[in-house]
Each structure stands twice: as structure tokens, then as C-alpha cells.
Engineer: 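Sharing a structure with you now.
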2 protein chains.
Amino acid sequence: MHHTTEHDILKESIHKLRETGVRITPQRQAVLNYMIKSDDHPTADDIYKALVDEFPNISVATIYNNLRLFKDTGLVNELPYGDASSRFDFITSAHYHVICTECGKITDFNYPALNEVETLAKHVTNFDITHHRMEVYGLCPECAENTSKS
Amino acid sequence: MHHTTEHDILKESIHKLRETGVRITPQRQAVLNYMIKSDDHPTADDIYKALVDEFPNISVATIYNNLRLFKDTGLVNELPYGDASSRFDFITSAHYHVICTECGKITDFNYPALNEVETLAKHVTNFDITHHRMEVYGLCPECAENTSKS
DNA sequence: ATAATTGCAAACGATTTGCACTGCG
DNA sequence: CGCAGTGCAAATCGTTTGCAATTAT
């Protein structure tokens, strides 16, 4: 029995990156490591703020560059939200998200993948379907509480 | 037997707006009318371009103001897409969307509402669920054709 | 009459880009 | 060493805002 640790995931991810001919810089590794350890779904700015102590000169451009790279490599998912900042999610297993419309909090939500939706969409529209996105919106318990009080 | 025409929908929508104490300006009515007649899912800029002939001085701010108003009144849905422009959809009946990742084309897609997802999400997360969003992505037939050729 | 709406331009915020410099391999 | 990656500032783009002028009611 082998237990996969965060450290293993980091090593494996770095390996995957090297395979595509990408250099492992300290900044890149720090962003990657932050994504792996992060439980929530950070924005680019969240990551910037978290790393600026260790890398006083790091720039947001570097954060964005690396997030795009990780996305292209399939390590990270981007969750875009209209006018607001995108949130980023290190890909462990497939899951959906429940999002608070008041405070923006994102909670993971396990639900069987809606494969039949993709199949039907393919038949009906003749699109070459690649993926889908599903999100549930509402008020998180805290915001619901605050709203009912006021 | 009564057949609902676009003109009826317009009249009904205007009535709904008046009820909330909103003034019916020519620009407002033009945006509304465009939304009702539009088969695709226009961006604010699409609407601007479509109306600038009739209203040479109309500004994007007015388009956005009215779209926000229609959204608040429940006449129109906004479909935000990350860094790109939001698209707007006059609400007739509930449906999902299939979106081309290459050209951005949006096709309506009828599928029974995923109510059980909302119910489960409510139980699992204790959120006060209000709605959900589901979209299927892929290549539209035209883009798939072009991709395979190159 | 008067408060809501318009149009304009400036502001904003997230993200991208150009480019000289740095440092990983 | 050479070229990919960084950091900086400026640019971009969708959207919002402040405000004076207009207009629906």
C-alpha cells in the first residue's frame, strides 16, 4: 500500500513539466507548490500575496505565466468568473463546485460526472465535445445567516 | 388557442418594466427589442454595433446600464466568460448551452433541468442554493472541419 | 417639475505584452 | 553559454462610474 503525499505530487508534477522541456525555476516551483497545498481556489492575486514574502520581486506576470503553463500541461484548471478574477484549482480528481454569490467562497462538491449530457449534446448539436462545466450557486451558511439578520 | 408573438413578448416585457417604476426610453426599448429578436447570444458590443445606426450617439454605458436593469428584472440572463465579453440571453425557456472553444459560437441545448444536483448540493454543503450553470464545450462542426484540414 | 436616464470621458481591475536582464540546463 | 523565464511598466479590453445635459412621466 502506497500513500501519495503532497511531496510525491510535487515531484510527479515537476517530472511532468520537465518532460515537456520546461525549466524549473524557484518561482515556478513555489507557485506549483502553493497550488498543491492550497485547499481553496486561489486567484492569481492570492498566490502573488502568498509568495511575495519569499520572493519580494516576484511579479503578477510571472504568476499568470506559470498558471497558463500549468493549465496547458493539464496540472491546473482555470475557473473564470465574468468580470471578477479567475480562480485556479490544482487537478486531483474530478469534482464540481458550489459557489457563494455573496462572498465568492467555493466549496468542492462530489457528484458523478454528467457524461450523458456530453453524449446527448454531441448527438443533438454535432459538436465535437471535449468537456463541460457545471456549477451550483447560492448563499453559504455564513452569508445566509448574515442576510437573514439584517 | 393563442400564439405568442415577438410583439406580445415586447409588450409584456415593457409592462413588467413599467411595473417596477422604470421609464421606457427609445434606447431602452431598442436594446430590449434587439434581445427579443436575437437568435444568438449577443455581447454588449454586438448590441451597440446593431443600434448605432439608429442611435448614432448611443454609448456602451447605456447598453450596459440597460442589460443590468433587464438582468435585475429577470428578463435577461448574463453568461460571463472569463476575460472575454459576457453574452446575454433573453429568457424564454430554460435551456443549456453548447459553446465552441474555437470561435465562441453558442448553440442552445435542451436538457431536463438538473434539479437533483441542486438538491444534493444543498444537503451536502448547507448552502442556500439559488441556481446552477451548466455548459458543454467543444468544436462546432465548422471549426472541427477546419482543424482536421490543417 | 423632477427624478431617472443618457452620453461622454475618465477610471478601474484583471490580464497580457514588450523588452532588457537573469539564470537554469 | 544560449535561450527560456523573470520583472517591470505600459498596454489592452471589458465594464463601471461621475457628472452635466436631456427627457419621460
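Per chain, numbering begins at 1; letters A, B, ... match sequence-line order.
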Engineer: Examine C:dT6: is either OP1 or OP2 under 4.0 Å from a nitrogen or oxygen in the side chain of B:Ser59? Give yes or no.
Structural biologist: no
Engineer: Between C1' on C:dT16 and CD1 on A:Ile63, what's the gap in Å once rounded to a whole number?
Structural biologist: 15 Å
Engineer: Verify the distance criterion only: is there a donor paired with an acceptor across the side chains of B:Gln27 and B:Thr62 at less than 3.5 Å?
Structural biologist: no
Engineer: Check whether any side-chain nitrogen or oxygen of A:Gln27 sits under 4.0 Å from OP1 or OP2 of C:dG23, and answer yes or no.
Structural biologist: no
Engineer: If we count only N and O atoms by modelled type, under 3.5 Å, do the side chains of B:Asn115 and B:His132 hold a donor and an acceptor together?
Structural biologist: no
Engineer: At less than 4.0 Å, is any side-chain N or O atom of A:Asn66 found next to OP1 or OP2 of D:dG5? Yes or no.
Structural biologist: no
Engineer: Are OP1 or OP2 of C:dG7 and a side-chain N or O of B:Asn65 less than 4.0 angstrom apart?
Structural biologist: no
Engineer: Please tell me which of B:Val22 and B:Arg87 maps to the more 5' nucleotide of DNA chain D, matching each residue to the nucleotide holding its nearest heavy atom.
Structural biologist: B:Arg87
Engineer: In whole angstroms, how far is the P atom of D:dA24 from the CD1 atom of B:Ile14?
Structural biologist: 14 Å
Engineer: If only side-chain N and O atoms of B:Arg28 are considered, is one of them under 4.0 Å from the OP1 or OP2 phosphate oxygen of D:dA24?
Structural biologist: no
Engineer: Quick one: is D:dA24 close enough that its OP1 or OP2 comes under 4.0 Å of any side-chain N or O from B:Arg18?
Structural biologist: no
Engineer: For B:Val60, answer base if it contacts any base atom (sugar-phosphate contacts may also be present), sugar-phosphate if it contacts only those atoms, and nothing otherwise; contact means non-hydrogen atoms under 4.0 Å.
Structural biologist: nothing
Engineer: Which pairs count as ring-ring contact (aromatic ring centres under 6.0 Å, His included) when at least one residue sits in residues 47-70 of chain A, sequence neighbours excluded?
Structural biologist: none
Engineer: Does B:Ser85 make a side-chain N or O approach to OP1 or OP2 of D:dC13 shorter than 4.0 Å?
Structural biologist: no
Engineer: NA contact type, B:Asp45, heavy-atom cut-off 4.0 Å: base, sugar-phosphate, or nothing?
Structural biologist: nothing
Engineer: Can you find a side chain N or O atom of B:Thr25 that sits less than 4.0 Å from OP1 or OP2 on D:dA24?
Structural biologist: no
Engineer: What's the CG-C1' distance between A:Leu67 and C:dA14, to the nearest Å?
Structural biologist: 13 Å
